[in-house]
K.L.:
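So that we are looking at the same thing, I have put the structure below in C-alpha cells.
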Amino acid sequence: MEYKFCGKSGLQLPLISLGLWHNFGGVDDFSVSTEMILKAFDQGITHFDLANNYGPPPGSAESNFGKILHNQLKSHRDELIISSKAGHLMWNGPYGDGGSRKYIMASLDQSLKRTGLEYFDIFYSHRYDPQTPLEETIQTLIDIVRQGKALYVGLSKYPADKAREAYDMMKEQHVRCLIYQDKYNLLHKEPEKELMPLNEEYGVGFIVFSPLAQGLLTNKYLHGIPENSRAAKDHGFLQRDEVTPEVIVKVNKLNEIAAQRGQTLAEMSLAWLLNKQEVTSVIIGTSSVSQLQDNIDSLKNKEFSSEELNSIEDILK
C-alpha cells in the first residue's frame, strides 16, 4: 500500500480506503464483513469510512465495525483512521436529520457509542443543509474538534461556494478543514470544474466515493442491464435510466483500453483516479475478499501514457 499526505496536513491516508456503506450492515453476513476488514488491514488499508446511517438498518455498520474493532483490532487502534458522518436522515422527528447542532452532536455521541470509540479520527458533515445556517453547522464541527471527539473534520457533497465559506470559517478559528469527500469517476467528472481547484487553493484533501459508478465501470454492464444488478432494482442509487445505450458504448470502449493495459475495467477506473494528483484516496466498496483484492490490484499499474489519457478523454467527450 502507498500513502499520501492529505492536503496541507501531516496526516497520511492510504491510496485505497474501505467504505462500509454497503455489505457491512445487520442484514449482511458478519463473518464475511469481518474477513474483508481484516484482509483490508493486512493489505495496508488503514482508513475505514463509516456514517451514522450506513447499514441497513441505519447504525448497524458502525455497530458491526465496533465489534470487529473490539474483538480483533483493539491493539491496533492507533494504526487506524476511522471516520464517520452525520447529515442524512437517521431517526424520526425534527432532530434526526440535517445540519443543526442538536442533530450533529446527538448523532456523533450515538456513533461513538456504537463503535465503542472515544473519538473519531475524521468526522464529516455529510451534506450541506440549506435549512440550517452554515455558521451553525461549521461551528459545531469546530467544537467537536475542540472537545476531543474528533481529531479532524471534513465536508461531503457541499456546493463549491458553500465549501469556500466553510473553509474560511474554519480557518478563522484555527480548525482547518482536513478533507472533502465527493462522488468522482470516469463517468462523473463534475468535481474537476470547481471543487478540485478550490481544495487545492485551501490545502484540503480530496477523497473519492463511488469510484466505479455503482458498478457501471465494471464488466457487469458491458452488454446491458443484468437481471440481478443494482440498476435492475427499483430501489438503490443506480437507476435503470442511467444505463443508456450511449453509456454502454463508452463503457465498452473504456474496457478495450483496459484490456490493452492488462487490466479489468474496474482496475483501470480505479487506477485513473489514483493517477490524479488532486485525489488523496479512493473509497472502495466490496462484497467479498476476492473483490477487495481485485480493487487493491489496481495499484500495480496506475501509470498512464499521454496517448492512453487522450484516448480516454476522447471516449468521455
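Side chains are part of it too, since the values below use all heavy atoms of this structure and drop only hydrogens, waters and symmetry mates. Throughout, numbering of the chain's residues begins at 1 and tracks the sequence.
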K.L.:
Count I, L, V, M, F, W, Y as connected when their side-chain heavy atoms are under 4.5 Å apart, and connections chain through other members. Are Val153 and Ile81 then in the same cluster?
P.N.:
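Result: no, two separate clusters.
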
K.L.:
Would you say Glu136's side chain and Arg101's backbone share a donor-acceptor pair under 3.5 angstrom?
P.N.:
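Answer holds: yes.
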
K.L.:
Ignoring hydrogens and angles, state whether a donor on the side chain of Ser84 or Tyr54 is under 3.5 Å from an acceptor on the partner side chain.
P.N.:
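Side-chain D/A pair, Ser84 to Tyr54: absent.
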
K.L.:
Looking at OH of Tyr95 and CD1 of Ile104, how far apart are the two atoms once the value is rounded to the nearest 0.5 Å?
P.N.:
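Result: 15.5 Å between the selected atoms.
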
K.L.:
Return the minimal non-hydrogen interatomic distance between Pro191 and Pro197, and the atom names on each side.
P.N.:
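Reported closest heavy-atom pair: O-CD, 4.3 Å.
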
K.L.:
Answer yes when Glu256 and Lys253 have at least one side-chain N-carboxylate O distance shorter than 4.0 Å, and no when they do not.
P.N.:
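Between Lys253 and Glu256 there is no salt bridge, as every charged N stays at least 4.0 Å from the carboxylate O atoms.
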
K.L.:
Within a strict 4.5 Å, meaning less than it, do heavy atoms of the Ile82 and Thr115 side chains meet?
P.N.:
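Side chain of Ile82 against side chain of Thr115, heavy atoms only: no contact under 4.5 Å found.
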
K.L.:
Against Gln293, only a single residue in Asn295, Asp297, Val289 fulfils side-chain contact (heavy atoms from CB on, under 4.5 Å); can you say which?
P.N.:
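Going through the options one by one, the only one that passes is Asp297.
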
K.L.:
Should the pair Arg77 and Tyr119 be classed as cation-pi, given the thresholds of under 6.0 Å to the six-membered ring centre and 45° from the axis?
P.N.:
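Checked: cation-pi criterion met.
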
K.L.:
Taking a hydrophobic cluster as the set of Ile, Leu, Val, Met, Phe, Trp and Tyr residues connected by side-chain heavy atoms closer than 4.5 Å, whether directly or through intermediates, do Ile207 and Ile284 fall within one such cluster?
P.N.:
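They do not share one cluster, since no chain of ILVMFWY contacts under 4.5 Å joins Ile207 to Ile284.
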
K.L.:
Regarding Ser281 and Ser17, is there a side-chain donor-to-acceptor distance under 3.5 Å anywhere?
P.N.:
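Present: a donor and an acceptor within the cut-off.
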
K.L.:
Whether the side chain of Asp168 engages the backbone of Glu165 through a donor-acceptor N/O pair (distance < 3.5 Å, no angle test) should be reported.
P.N.:
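Judged by distance alone, no pair lies under 3.5 Å.
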
K.L.:
Heavy atoms only: give me the nearest Ala160-Leu198 pair and the separation to one decimal.
P.N.:
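That closest heavy-atom pairing would be O-CD2, 3.4 Å.
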
K.L.:
Do Met105 and Gln147 have side-chain heavy atoms sitting under 4.5 Å apart?
P.N.:
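A side-chain contact under 4.5 Å exists here.
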
K.L.:
Using distance alone, with no hydrogens and no angle criterion, decide if Gln173 and Gln139 have a side-chain donor and acceptor under 3.5 Å apart.
P.N.:
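Side chains of Gln173 and Gln139: pair found under 3.5 Å.
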
K.L.:
With side chains defined as the heavy atoms from C-beta onward, is the minimum distance between Leu292 and Ile45 less than 4.5 Å?
P.N.:
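A side-chain contact under 4.5 Å exists here.
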
K.L.:
Does Phe209 belong to the same Ile/Leu/Val/Met/Phe/Trp/Tyr cluster as Ile37, with side-chain heavy atoms less than 4.5 Å apart forming each link?
P.N.:
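They do not share one cluster, since no chain of ILVMFWY contacts under 4.5 Å joins Phe209 to Ile37.
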
K.L.:
Nearest 0.5 angstrom please: Leu141 CG to Met170 CE, how far?
P.N.:
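Leu141 CG to Met170 CE: 5.0 Å, rounded to 0.5 Å.
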
K.L.:
Just checking, any donor-acceptor pair under 3.5 angstrom between side chains of Asn64 and Ser33?
P.N.:
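No - no donor-acceptor pair under 3.5 Å links their side chains.
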
K.L.:
Crowded around Phe30 CZ? As in, over 12 foreign heavy atoms under 6.0 Å?
P.N.:
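For Phe30, atom CZ is crowded (more than 12 foreign heavy atoms under 6.0 Å).
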
K.L.:
So Tyr158 and Leu195, do their side chains get closer than 4.5 Å, heavy atoms only?
P.N.:
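No; the side chains remain at least 4.5 Å from each other.
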
K.L.:
Using a 6.0 Å cut-off, check whether atom CD of Glu118 has over 12 heavy atoms from anything other than its own residue.
P.N.:
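At most 12 heavy atoms, drawn from other residues, nucleotides or ligands, come within 6.0 Å of this atom.
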
K.L.:
Given side chains that start at C-beta, do those of Thr140 and Leu108 come closer than 4.5 Å, heavy atoms only?
P.N.:
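Heavy-atom side-chain distance check fails, nothing below 4.5 Å.
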
K.L.:
Counting N and O atoms only, with roles assigned by atom type, does the side chain of Tyr152 sit under 3.5 Å from a partner on the main chain of Arg176, one being a donor and the other an acceptor?
P.N.:
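Checking the backbone N and O of Arg176 against the side chain of Tyr152, no donor-acceptor pair under 3.5 Å is found.
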
K.L.:
Does Arg261 reach the main-chain N or O of Glu308 with its side chain, forming a donor-acceptor pair under 3.5 Å?
P.N.:
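No.
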
K.L.:
Going from CD on Gln263 to OG on Ser298, what distance comes out if it is rounded to the nearest 0.5 angstrom?
P.N.:
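Reported value, rounded in 0.5 Å steps: 7.5 Å.
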
K.L.:
Taking atom types as modelled, find out whether Ser83 and His47 have a side-chain donor-acceptor pair closer than 3.5 angstrom.
P.N.:
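Checked: Ser83/His47 side chains pair up, N/O donor to acceptor below 3.5 Å.
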
K.L.:
Take a 6.0 Å sphere around NE2 of His188 and say whether it holds more than 12 heavy atoms from other residues, nucleotides or ligands.
P.N.:
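Yes - once you tally the heavy atoms of other residues, nucleotides and ligands closer than 6.0 Å, there are more than 12.
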
K.L.:
Is it true that a side-chain atom of Ser111 and a backbone atom of Ala51 form a donor plus acceptor pair closer than 3.5 Å?
P.N.:
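It does not hold such a pair.
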
K.L.:
Please confirm whether the backbone N or O of Asp129 pairs with a side-chain atom of Thr132, one donor and one acceptor, at under 3.5 Å?
P.N.:
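Looks like no, no N/O pair under 3.5 Å.
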
K.L.:
Whether Asp314 and Lys317 form a salt bridge (side-chain N of Lys/Arg under 4.0 Å from carboxylate O of Asp/Glu) is what I want to check.
P.N.:
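Here Lys317 pairs with Asp314 in a salt bridge, since their nearest N and O are under 4.0 Å apart.
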
K.L.:
Quick one: are Leu80 and Phe41 in side-chain contact, heavy atoms under 4.5 Å?
P.N.:
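In contact.
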
K.L.:
Quick check for you: to the nearest 0.5 Å, what is the distance between Leu265 atom CG and Ile257 atom CD1?
P.N.:
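One gets 10.0 Å once the value is rounded to the nearest 0.5 Å.
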
K.L.:
How are the rings of Phe206 and Tyr180 set relative to one another: parallel (under 30°), tilted (30 to 60°) or perpendicular (over 60°)?
P.N.:
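Rings of Phe206 and Tyr180: parallel, under 30°.
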
K.L.:
If hydrophobic clusters are built by linking Ile, Leu, Val, Met, Phe, Trp and Tyr wherever their side-chain heavy atoms come under 4.5 Å apart, do Val145 and Tyr202 end up in the same one?
P.N.:
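Yes; Tyr202 is reachable from Val145 via cluster members.
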
K.L.:
Tell me, do Asp182 and Val208 make a side-chain contact under 4.5 Å, heavy atoms counted?
P.N.:
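No, their side chains stay 4.5 Å or more apart.
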
K.L.:
Report the distance from atom NZ of Lys162 to atom OG1 of Thr137, rounding to the nearest 0.5 Å.
P.N.:
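Answer rounded to 0.5 Å: 11.0 Å.
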
K.L.:
Is a side-chain N or O of Asn275 found less than 3.5 angstrom from the main chain of Ala271, in a donor-acceptor match?
P.N.:
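Answer holds: no.
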
K.L.:
Is any side-chain heavy atom of Asn53 less than 4.5 Å from a side-chain heavy atom of Leu89?
P.N.:
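Side chain of Asn53 against side chain of Leu89, heavy atoms only: no contact under 4.5 Å found.
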
K.L.:
If two hydrophobic side chains count as joined below 4.5 Å and joins carry through other members, does Leu112 share a cluster with Ile142?
P.N.:
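Leu112 and Ile142: one cluster.
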
K.L.:
Thinking salt bridges, do Arg164 and Glu201 make one under a 4.0 Å N-O criterion?
P.N.:
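So Arg164 pairs with Glu201 through a salt bridge.
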
K.L.:
Just how far is it from atom CD1 of Ile122 to atom SG of Cys177, taken to the nearest 0.5 Å?
P.N.:
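Those atoms lie 10.0 Å apart.
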
K.L.:
Looking only at atom types and distance, does a side-chain atom of Asn255 sit under 3.5 Å from a main-chain N or O of Val251, one as donor and one as acceptor?
P.N.:
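Absent.
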
K.L.:
Between the main-chain N or O of Gly19 and the side-chain N or O of Asp49, is there a donor-acceptor pair closer than 3.5 Å?
P.N.:
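Looks like no, no N/O pair under 3.5 Å.
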
K.L.:
Consider side-chain hydrogen bond (donor to acceptor under 3.5 Å, both in side chains). Of Lys189, Glu192, Glu190, which one does Tyr184 pass it with?
P.N.:
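Only one option passes, and that is Glu192.
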
K.L.:
Would you say Lys85's side chain and Leu50's backbone share a donor-acceptor pair under 3.5 angstrom?
P.N.:
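Checking the backbone N and O of Leu50 against the side chain of Lys85, a donor-acceptor pair under 3.5 Å is found.
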
K.L.:
How close do Ser210 and Asn185 get, counting heavy atoms only, and between which atoms?
P.N.:
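Nearest pair, atom of Ser210 first, then Asn185: O-ND2, 2.8 Å.
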
